[in-house]
Amino acid sequence: EQQELDRTRADLEAMALLAAAHQEQLIAGVKQILATVASGPSVRRSDLASLCREFLVNVANASPVYASMGVLDRPGNPRCIDSQAPPFAPPQGDAFLAHALAQRDFSIAGFVVVRESGRKALAFSMPVFDYQGEFSGLAYAALELGQLDQQLKALQMPNSVRVFVTDPA
């Protein structure tokens with residue numbers, strides 16, 4: 001009986017490590033994409049709106065997993081995008097904007113509603129700094145919870161396993 005308990009415990013620990021590694025990889029990927037967006041020359045300069053939009057379209061097309069992606073200026077208005085054009089419409093939710101604008105580093109900004117689909121998503125943000133090093137806004141991306149759920153289901157863990165995304169701070 002003890003051997004069976006030890007084997008079950010070892011299996012559950014292995015599944016937990018797999019789920020954690022998957023989440024770490026997912027978050028590292030979002031961070032890399034947002035760092036790419038935030039460091040783009042047309043994003044860092046406020047006078048290149050059409051080039052910024054073209055850059056965002058290219059990044060979004062290369063990253064179709066995200067339900068929403070874009071750049072907001074310092075007050076939180078959409079920048080270099082048509083705010084009505086999916087997938088660039090900013091996620092809804094004052095809490096997202098307040099949290100994201102208060103951060104000066106990559107952040108999991110919390111749960112939001114994606115305007116286009118009306119579905120819940122997990123929003124991420126990265127600050128944008130201009131060429132003088134001044135905070136000028138933020139890049140954001142939102143991953144619908146359904147998409148996250150499908151990725152976790154692909155790991156084929158037992159139904160009894162629960163995965164939580166938490167802030168380690």
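Excluded from the calculations below are hydrogen atoms, water molecules and symmetry mates; all remaining heavy atoms, backbone and side chain alike, are included.
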Peer 1: Look at atom CZ of R44 and say whether more than 12 heavy atoms of other residues, nucleotides or ligands are closer to it than 6.0 Å.
Peer 2: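 Atom CZ in R44 is packed in, count exceeds 12.
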Peer 1: Any chance you could measure L138, atom CG, to L72, atom CG, to the nearest 0.5 Å?
Peer 2: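 Between atom CG of L138 and atom CG of L72 there are 5.0 Å.
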Peer 1: Using side chain to side chain contact (heavy atoms under 4.5 Å, CB included), reason through E54 and S42 one step at a time and then give a plain yes or no.
Peer 2: CA-CA 9 Å; E54 184 179 322; S42 61; over 6 Å; no
Peer 1: Should L34 and L26 be regarded as members of a common hydrophobic cluster, given that ILVMFWY residues are connected when their side-chain heavy atoms come within less than 4.5 Å of each other, either directly or indirectly?
Peer 2: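 As far as the 4.5 Å side-chain criterion goes, L26 and L34 are connected within one cluster.
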Peer 1: Going by side-chain contact (heavy atoms from CB on, under 4.5 Å), name the residues that satisfy it together with Q132, two or more places apart in sequence or in a different chain.
Peer 2: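 D130, E134.
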Peer 1: Measure from the side-chain N and O atoms of S39 to the backbone N and O of T36, and report whether any donor-acceptor pair falls under 3.5 Å.
Peer 2: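 Between the backbone of T36 and the side chain of S39 there is a qualifying donor-acceptor contact (under 3.5 Å).
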Peer 1: When the ring planes of F124 and F106 are compared, do they come out parallel, tilted or perpendicular, using 30° and 60° as the limits?
Peer 2: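 Plane angle under 30°, so parallel.
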Peer 1: Could you work out, with side-chain contact (heavy atoms from CB on, under 4.5 Å) as the rule, every residue matching E4, not counting sequence neighbours?
Peer 2: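 Applying side-chain contact (heavy atoms from CB on, under 4.5 Å) to E4 gives R7, T8.
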Peer 1: Side chain to side chain donor-acceptor pair (under 3.5 Å) for Q2 and D6? Distances and angles first, verdict last.
Peer 2: CA-CA 6 Å; Q2 185 61 42; D6 290 343; 2.9 Å; yes
Peer 1: To check you understand the geometry: which heavy-atom pair defines the closest contact between I33 and S63, and what is its length?
Peer 2: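 Closest approach of I33 to S63, heavy atoms only: CD1-OG, 3.4 Å.
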Peer 1: Going hydrophobic residue to hydrophobic residue with side-chain gaps under 4.5 angstrom, can you get from V71 over to I108?
Peer 2: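 Yes, V71 and I108 fall within the same hydrophobic cluster.
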Peer 1: Taking all non-hydrogen atoms of both residues into account, name the closest pair between A38 and M126 and its distance.
Peer 2: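 Looking at all heavy atoms of both residues, the closest pair is CB-CG, 3.8 Å.
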Peer 1: If the condition is side-chain contact (heavy atoms from CB on, under 4.5 Å), which residues does L18 pass it with, not counting sequence neighbours?
Peer 2: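 L18 satisfies side-chain contact (heavy atoms from CB on, under 4.5 Å) with L155 once adjacent residues are dropped.
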Peer 1: Does any N or O in the side chain of S107 come within less than 3.5 Å of the main-chain N or O of S125, such that one atom is a donor and the other an acceptor?
Peer 2: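 Flag not set: sc S107 to bb S125 has no pair under 3.5 Å.
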Peer 1: Do the side chains of L145 and V30 join up, straight or via other hydrophobic residues, at under 4.5 Å, putting them in one cluster?
Peer 2: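 Yes, L145 and V30 fall within the same hydrophobic cluster.
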Peer 1: Would you kindly confirm whether V37 and L48 end up in one hydrophobic cluster when ILVMFWY residues are joined by side chain heavy atoms under 4.5 Å apart?
Peer 2: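 Not linked; separate clusters.
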